[in-house]
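Shown next, in structure tokens, is the structure this report addresses.
Everything numeric in this text was worked out from a predicted model, so none of it was measured. These numbers come from the heavy atoms of this one structure, side chains and all, not from hydrogens, waters or symmetry mates. For this chain, numbers begin at 1 and follow the sequence in order.
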Amino acid sequence: MSKFDFLSLAPDGLLQGAEEFMAKQKAYASLKRDELDSIPENEIVLAVTSWIEGKFAEDWHDMCDVINSLPTPCLNVYCADYVTKELLNGGFGQAFFNSSRDYIGAAAEGFRALDYPEPADIIEDALKINFDSGKKISGRSIEDFLDFAGGDEYDSLDRDFCQAFDEKKFDSLAHDYIIKYKKYFGEE
């Protein structure tokens, strides 16, 4: 995530806190396993996802390879968080256009592993619609995106996901899960 992605997360759209956010993200890229217990609940997902993204090449060309090499607990947290950001930013149309179905399916599995079934159910409903529609990602232009996401088949699921997802609950469940499986997160 760049500081420009942070703008979409800021409620007022301002850059406030973006530099602090980027500094935390950079520091967490070299996360040590023994630091996990001291990281606040509302920051632990940022810590582990920054550590994972710290493994990517600068241009992220190896993102798929890195993600596919992750142990299951890391995959669960990363995909649930990554897809959630896509969904909250632009809904299922954007998520399917920007991410593979595999990541979206892995996000549903991640939510289930975190014992948060409501978002998982909604994601699985969207996957069914996507598979049944036969829509495939074709290209990366704005026209391709508008064509791909032009329908309203995901509108109710977008609303359902936004209503079902609670960031504090996610952070709490992810914190407990990460601590339970901490041998997979961070460097020794």
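Legend: residues meeting side chain to side chain donor-acceptor pair (under 3.5 Å) with D37, ordered by chain and number and at least two apart, are K182. C64 is linked by a side-chain contact (heavy atoms from CB on, under 4.5 Å) to N68, Y103, counting only residues two or more places apart in sequence or in another chain. Shown here are the side-chain contact (heavy atoms from CB on, under 4.5 Å) partners of E43, two or more places apart in sequence or in another chain: K24, Y28, I39, P40, L46. Contacts of Y177 classified as side chain to side chain donor-acceptor pair (under 3.5 Å), with partners at least two apart in sequence or in another chain: N76. Here D81 pairs with K85 under the salt bridge (Lys or Arg N to Asp or Glu O under 4.0 Å) rule; sequence neighbours left out. With sequence neighbours left out, the side chain to side chain donor-acceptor pair (under 3.5 Å) criterion links E41 to no other residue. Scanning for side chain to side chain donor-acceptor pair (under 3.5 Å) contacts around K128 gives D132, with sequence neighbours left out. Annotation: side-chain contact (heavy atoms from CB on, under 4.5 Å) contacts of D34 (sequence neighbours excluded): K32. Residues forming a side-chain contact (heavy atoms from CB on, under 4.5 Å) with D125 (at least two apart in sequence, or on another chain): L157.
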Is there a side-chain contact (heavy atoms from CB on, under 4.5 Å) between L127 and F96? Walk through the geometry before answering. CA-CA 9 Å; L127 279 165; F96 281 113; 3.7 Å; yes
Before giving the answer on side-chain contact (heavy atoms from CB on, under 4.5 Å), spell out for T72 and Y181 the whole-Å C-alpha distance, their side-chain angles and the decisive distance to 0.1 Å. CA-CA 10 Å; T72 300; Y181 294 103; over 6 Å; no
Show your working on side-chain contact (heavy atoms from CB on, under 4.5 Å) between Y78 and E53 and close with a plain yes or no. CA-CA 9 Å; Y78 188 80; E53 290 173 356; 2.8 Å; yes
Could you walk me through whether L88 and F165 pass the side-chain contact (heavy atoms from CB on, under 4.5 Å) check? CA-CA 9 Å; L88 295 177; F165 181 77; 4.0 Å; yes
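Of all heavy-atom pairs spanning A174 and L114, the tightest one is CA-CD2, 3.8 Å. Taking each heavy atom of L36 and V48 in turn, the nearest pair found is CD2-CG1, 4.0 Å. The nearest pair of heavy atoms linking A120 to A108 is CB-O, 3.4 Å. Here the shortest heavy-atom pairing between I122 and A164 reads CD1-CB, 3.7 Å. For the pair Y184 and R33, the tightest heavy-atom approach, listed with the atom from each and the gap, is N-NE, 4.3 Å. Here the closest heavy-atom approach between residue A106 and residue C79 is recorded as CB-SG, 3.7 Å.
The stretch residues 157-169 participates, sequence neighbours left out, in no side-chain hydrogen bond (donor to acceptor under 3.5 Å, both in side chains) pair at all. Legend: salt bridge (Lys or Arg N to Asp or Glu O under 4.0 Å) pairs involving residues 59-79, not counting sequence neighbours: none detected. For residues 105-114, the set of pairs meeting the salt bridge (Lys or Arg N to Asp or Glu O under 4.0 Å) definition, not counting sequence neighbours, comprises R112-D121, R112-E124.
Side-chain contact check for F111 versus P117: every heavy-atom pair is 4.5 Å or farther apart. Annotation: side chain of N130 is not in contact with side chain of F92 (no heavy-atom distance under 4.5 Å).
Remark: K26 NZ to S50 OG distance equals 12.5 Å, nearest 0.5 Å. Atom CD1 of I178 and atom CD1 of I44 lie 4.5 Å apart (nearest 0.5 Å). To the nearest 0.5 angstrom, S156 atom OG is 6.5 Å from I129 atom CD1.
In summary, the side chains of E187 and W51 do present a donor paired with an acceptor at a separation below 3.5 Å, with no hydrogens or angles considered.
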